[in-house]
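Worksheet: the structure to be examined is printed underneath.
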Amino acid sequence: MIELTGVTKVYDQDKPTRVDAVRGVDLTIDDGRVTVLAGPSGSGKTTLLTVIGCLARPTTGRVTIDGDLVSGLPERFLTEVRRKTFGFVFQRFNLIRGMSALDNVMLPAYPTGIAHAALRDRALALLDHFGLADRSRAVVETLSGGESQRVAIARALINDPAVVIADEPTASLDGARVEQFLTIAADLKAQGKTVLITSHDPRITRAALVDRLVAMADGRIVEATP
Amino acid sequence: MRAAFERRRHLLDFAVASLLRRPAKNVGLIVVYALVVFLLASVMLFGTAVRREAAAVLDAAPEIAAQAMTMGRHDMSTAADVAALKGLRGVRRVEPRLWGYLWDSAGAANYTLKVPTAAEAGLTVGKGESIVGEGVARARKVSPGKMLFLVSPAGKFLRTKVKAVLPSTTALVSTDLVLVEEGDFRAFFELPPDVWTDVALTVTNPREVTTIAEKASVKLPGHRFVTRADMIRTTEALFSWREGLALALLGGALVAFAILAFDKASGLSAEERREIGILKAIGWETSDVILMKLWEGLLISLAAFLLGFAAAYAHVFLWSASLFEPVLKGWSTLYPRFPLTPEIDALELATLAVLTVVPYVAAIQVPIWRTATADPDVVMR
């Protein structure tokens with residue numbers, strides 16, 4: 001379970017360009033559920049996601065994961081928590097150009113020191129699971145949008161994280177690809193993983209698999225379903 | 001232990017892949033880097049080899065050379081001087097020598113004319129014969145059996161038949177040499193029969209060279225006595241000075257390269273910065289990114305070092321350091337052509353590595369650290 005208490009995030013705190021991206025958020029995210037942070041651009045949902053995913057520390061407030069306080073951890077430990085607990089699917093997938101799909105999937109596991117053969121087998125199994133076995137050697141620039149998304153999801157799962165975070169995962173996908181994503185998300189939920197999505201796409205926010213919808217505006221939670 | 005090894009291996013794999021993904025930038029950097037290594041290695045390899053070569057050649061030089069001096073200038077030694085030196089205790093052999101310089105306008109070069117001494121038994125020349133250094137043979141396009149004509153400043157004419165060309169192994173000290181018979185020499189330079197250019201002394205106990213030189217200078221205060229150790233020291237100093245001069249000039253190139261490396265590393269492209277952000281976001285630690293970038297730097301260094309050193313080795317030992325002739329060899333026209341004995345000194349290699357790899361790795365540290373410590377959430381914004 002992830003708990004946020006009085007979380008704020010301020011950028012450029014003492015400068016004229018100061019931005020209060022998140023203002024006093026209290027939120028509990030239960031394990032094994034699909035939670036969607038919804039809201040317009042600039043509402044603070046992506047910033048909140050970075051704080052939850054240990055990509056950034058809150059300016060004030062506390063974040064705990066399964067009761068352990070993580071918001072005050074030094075960078076090195078925060079990275080370890082991030083690697084072991086979270087898998088990320090970024091908005092534009094953020095695959096590393098010039099490398100194959102297989103290499104991209106293997107990347108998050110490099111710092112763990114897992115044997116190369118075992119890592120490769122695991123990555124190939126994931127690509128196979130997402131129907132990309134024959135595209136494993138393809139350079140990522142040659143992949144379609146749907147294929148890139150599935151490679152990004154496979155990469156997010158390589159370290160077998162408990163929580164999968166997806167930032168605007170359907171922003172540039174057509175209807176069929178959105179359905180495909182929802183199927184994958186349902187599969188992850190079925191495996192017992194916690195899925196956390198930011199989106200303002202009604203195809204996601206109204207999807208049946210979503211357990212909880214948290215609406216944000218101006219850095220605050222304005223509405224949240226139980 | 002195994003996990004730590006695998007982790008490093010993964011980072012090395014990524015570093016190699018990363019270098020291969022940006023071939024234009026990295027090949028350009030390696031070429032410039034290899035050029036710097038090539039220049040420094042060429043000077044170092046050549047300097048050491050030539051000093052070693054000179055020392056080997058000077059091993060055959062007389063233990064002491066006595067030269068008459070008049071008003072601080074070299075003058076001719078007389079038969080009385082030779083007789084005085086013969087009476088010195090501890091001197092095994094006294095050999096008066098005849099040699100002199102000649103500006104040859106036909107070859108546009110300075111030659112050393114010399115009469116072989118009794119000790120140089122293999123180089124005897126008869127009347128009307130000559131043995132020439134390889135530089136003279138080149139300049140005058142002569143070979144054994146051909147005629148060599150020389151004209152003295154006074155207009156005297158010397159016509160000799162070339163008996164042999166000296167081997168290029170001794171070219172460092174013999175490239176400009178013309179060996180002729182004593183009678184021909186004296187007639188050419190119009191010398192009386194009882195004067196010599198200098199006197200070579202061989203001593204019984206080599207450990208007494210200095211003592212004998214001191215005794216001799218008391219007996220012949222108008223002479224200077226140059227020992228073989230002095231000659232070796234002078235040659236070493238000369239080539240060390242030349243090498244030092246060349247290295248000092250190349251030091252500028254080294255600094256310029258360090259600046260280029262810093263600029264290259266700090267000027268990470270937006271794509272590279274984005275990549276580092278992604279790697280950190282997906283769980284790479286700052287130390288992983290730094291280690292990966294260090295691998296990249298070391299691979300570039302190693303490739304450039306090996307490339308530059310191999311090119312320098314070929315340049316010095318296969319092509320006789322042809323690019324540095326004017327600076328390092330020093331002859332105005334008759335550059336000696338001699339094969340240097342290939343030899344790599346481990347200390348020298350290590351010094352070169354320190355001189356080239358350390359500045360590069362040091363120059364890229366700060367920019368790498370700055371980029372690697374960037375916040376991972378940059379990829380989400």
Side-chain angles (χ1 to χ4, degrees), chain A residues 9 11 19 21 45-51 53-57 75-100 103-119 139 152 155-156 158-159 161 165 167-168 198, chain B residues 1-27 268-296 368-381:
Chain A
K9 182 68 183 174
Y11 293 107
V19 176
K45 56 187 189 301
T46 296
T47 303
L48 190 61
L49 208 58
T50 64
V51 172
C54 296
L55 286 166
R57 290 188 199 86
E75 197 258 340
R76 192 176 156 207
F77 296 101
L78 205 63
T79 304
E80 198 177 335
V81 172
R82 183 162 73 237
R83 186 169 60 234
K84 287 181 175 167
T85 313
F86 299 99
F88 294 91
V89 181
F90 302 105
Q91 188 172 355
R92 283 182 291 276
F93 312 131
N94 279 340
L95 299 174
I96 298 218
R97 296 167 67 84
M99 294 182 80
S100 70
D103 287 337
N104 265 280
V105 174
M106 289 161 72
L107 276 179
Y110 277 4
T112 65
I114 181 176
H116 189 268
L119 174 58
V139 177
R155 183 177 69 179
I158 190 73
N159 286 333
I165 286 178
D167 184 27
E168 302 281 4
T198 66
Chain B
M1 184 73 183
R2 178 157 177 81
F5 171 77
E6 286 290 344
R7 177 172 159 262
R8 278 172 178 76
R9 189 191 145 186
H10 289 318
L11 298 180
L12 177 60
D13 282 348
F14 185 86
V16 173
S18 184
L19 288 175
L20 294 176
R21 280 185 292 128
R22 298 179 186 93
K25 175 187 169 181
N26 293 312
V27 167
L268 285 180
S269 66
E271 178 72 15
E272 282 176 282
R273 266 196 286 270
R274 182 181 150 271
E275 269 184 31
I276 289 172
I278 294 170
L279 293 173
K280 292 195 74 177
I282 62 176
W284 284 41
E285 288 174 17
T286 301
S287 61
D288 294 325
V289 175
I290 290 175
L291 192 59
M292 180 270 288
K293 282 282 169 194
L294 275 180
W295 274 126
E296 273 188 25
I368 285 176
W369 180 82
R370 214 160 43 195
T371 313
T373 51
D375 284 337
D377 68 333
V378 74
V379 292
M380 297 283 272
R381 286 189 240 151

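Throughout, a chain's letter reflects where its sequence line sits, starting with A, and its residues are numbered from 1.
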Do B/Glu6 and A/Leu119 make a side-chain contact, defined as non-hydrogen atoms from C-beta onward lying under 4.5 Å apart? no
Portion of A/Glu75 that has a non-hydrogen atom of chain B nearer than 4.5 angstrom: side chain
Greatest number of non-hydrogen atom pairs under 4.5 angstrom with chain B, of A/Gly53, A/Ala56, A/Ala115, A/Ala109, falls to A/Ala115
Is A/Thr112 in contact with chain B via its backbone, its side chain, both, or neither, using a 4.5 Å heavy-atom distance? backbone
Shortest non-hydrogen pair, A/Arg97 vs B/Arg21, comes out as O-NH1, 2.9 Å
Using the rule given for side chain to side chain contact (heavy atoms under 4.5 Å, CB included), can you reason through A/Ile96 versus B/Leu279, listing the C-alpha separation, both sets of side-chain angles and the distance that settles it, and then say yes or no? CA-CA 9 Å; A/Ile96 298 218; B/Leu279 293 173; 3.9 Å; yes
Say you draw a straight line from CD of B/Glu275 to CG of A/Asn94; how long is it, rounded to the nearest 0.5 Å? 10.5 Å
To check you understand the geometry: which heavy-atom pair defines the closest contact between B/Gly283 and A/Pro111, and what is its length? O-CG, 3.9 Å
Is it the backbone or the side chain of B/Arg8 that comes under 4.5 Å from a heavy atom of chain A, or both, or neither? neither
For A/Ile114 versus B/His10, what's the shortest heavy-atom pair and its separation? O-NE2, 2.8 Å
Should A/Arg155 and B/Ile278 count as side-chain neighbours, where that means a heavy-atom distance under 4.5 Å? yes
A/Arg76, A/His116, A/Met99: which one forms the most heavy-atom pairs within less than 4.5 Å of chain B? A/His116
Which label fits A/Tyr110 and B/Trp284: parallel for a plane angle under 30°, tilted from 30 to 60°, or perpendicular past 60°? tilted
Side chains of B/Ile282 and A/Phe90 in contact at under 4.5 Å (non-hydrogen atoms): yes
